[in-house]
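Worksheet: one structure, shown below.
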Amino acid sequence: MSSYQGNERRRVQRRKLVTFSPSTFSINGKEYRALMRDVSELGAGFKLDGPHEGLELEPGSEVAFAVRTPYGESQCKGKIVWSREEDDSYIWGMQFTELSQDEQDPLRSYIISPF
């Protein structure tokens, strides 16, 4: 991962992922596949390409994710902070509300690794 270049508004440095991490989540009974674009100790950014009709991630709503990293798959939950449509994509940022503190957890390993 390489560090994000630009004006950083967060309290911790986020890492823009060199390779996006495939993720799945369900909301209102429908499953979606997205890509995790960046990650930090506090949260992550996601992107869903293609059809996303009816998907509205309201700020403050909590969503559970399954995220696949180079170290394996991990589970996390987060509160949506912002979301918007961009071209044919839907992008959003979330703040972690549940994230394993175990350094062996694949997502935790990904966050602290220099990868």
Side-chain angles (χ1 to χ4, degrees):
M1 291 185 282
S2 62
S3 294
Y4 174 76
Q5 302 297 314
N7 293 334
E8 186 58 66
R9 298 182 309 256
R10 292 156 187 82
R11 291 176 285 166
V12 295
Q13 187 66 36
R14 68 177 160 161
R15 295 181 184 190
K16 193 164 182 91
L17 305 180
V18 175
T19 309
F20 295 158
S21 294
S23 308
T24 57
F25 67 99
S26 295
I27 192 163
N28 297 328
K30 186 171 181 182
E31 185 172 282
Y32 294 91
R33 297 184 192 284
L35 298 173
M36 186 171 67
R37 305 172 353 141
D38 60 64
V39 66
S40 76
E41 286 282 328
L42 299 178
F46 292 86
K47 179 179 183 178
L48 188 152
D49 287 321
H52 52 271
E53 293 175 21
L55 177 61
E56 290 188 34
L57 297 173
E58 297 293 328
S61 59
E62 188 168 80
V63 180
F65 291 84
V67 179
R68 191 172 31 178
T69 76
Y71 304 108
E73 188 171 293
S74 186
Q75 307 292 317
C76 66
K77 287 185 181 178
K79 178 176 62 172
I80 304 302
V81 178
W82 61 268
S83 65
R84 71 174 180 263
E85 292 189 52
E86 188 174 273
D87 300 320
D88 290 334
S89 301
Y90 194 84
I91 61 172
W92 67 93
M94 71 158 203
Q95 179 181 11
F96 292 124
T97 57
E98 288 184 29
L99 176 66
S100 175
Q101 296 303 309
D102 179 0
E103 291 184 4
Q104 301 303 311
D105 177 79
L107 183 54
R108 172 61 62 186
S109 294
Y110 201 34
I111 291 169
I112 62 176
S113 79
F115 183 60

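- A distance of 12.0 Å separates OG in Ser23 from CZ in Arg37, rounded to the nearest 0.5 Å.
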Evaluation steps, side chain to side chain contact (heavy atoms under 4.5 Å, CB included), between Leu48 and Ile91: CA-CA 6 Å; Leu48 188 152; Ile91 61 172; over 6 Å; no

task: Determine, stepwise, if the pair Ser74 / Thr69 fulfils side chain to side chain contact (heavy atoms under 4.5 Å, CB included).
output: CA-CA 8 Å; Ser74 186; Thr69 76; 5.5 Å; no

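- The backbone N or O of Phe96 sits nowhere less than 3.5 Å from a side-chain atom of Glu98 that would complete a donor-acceptor pair.
- Annotation: the span from Asp38 atom CG to Phe46 atom CZ amounts to 9.0 Å, rounded to 0.5 Å.
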task: Kindly determine whether Asn28 and Lys30 satisfy side chain to side chain contact (heavy atoms under 4.5 Å, CB included), including the steps that lead there.
output: CA-CA 6 Å; Asn28 297 328; Lys30 186 171 181 182; 5.8 Å; no

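- Here the closest heavy-atom approach between residue Phe25 and residue Ala64 is recorded as CB-O, 3.3 Å.
- Looking at Ser26 and Tyr32, their side chains never come closer than 4.5 Å, going by heavy atoms from C-beta outward.
- Trp82 places none of its side-chain heavy atoms less than 4.5 Å from the side chain of Pro59.
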task: Show your reasoning for whether side chain to side chain donor-acceptor pair (under 3.5 Å) applies to Glu62 and Thr97.
output: CA-CA 8 Å; Glu62 188 168 80; Thr97 57; 2.6 Å; yes

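- Across Ile27 and Glu56, no two heavy atoms sit closer than the pair CD1-O, 4.5 Å.
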query: Checking side chain to side chain contact (heavy atoms under 4.5 Å, CB included) for the pair Asp49/Asp88: CA distance, chi angles, key distance, verdict?
result: CA-CA 6 Å; Asp49 287 321; Asp88 290 334; over 6 Å; no

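- When every heavy atom of Glu103 is checked against every heavy atom of Ser109, the shortest pair comes out as O-OG, 2.6 Å.
- Separation of atoms CG (Leu35) and NZ (Lys47) is listed at 8.0 Å; rounding is to 0.5 Å.
- Phe65 and Met94 get closest at one heavy-atom pair: CE1-SD, 3.3 Å.
- The distance from the OG atom of Ser83 to the CD atom of Glu58 is 6.5 Å, given to the nearest 0.5 Å.
- In terms of heavy-atom proximity, Leu57 sits nearest to Tyr90 at N-OH, 2.9 Å.
- Closest approach of Leu107 to Met36, counting heavy atoms only: CD1-CE, 3.9 Å.
- For the residue pair Ser113/Tyr71, the side-chain donor-acceptor check at 3.5 Å is satisfied.
- Between Glu41 and Arg108 a salt bridge is recorded (basic side-chain N to carboxylate O distance below 4.0 Å).
- In this structure, the side chains of Glu85 and His52 come closer than 4.5 Å at one or more pairs of heavy atoms.
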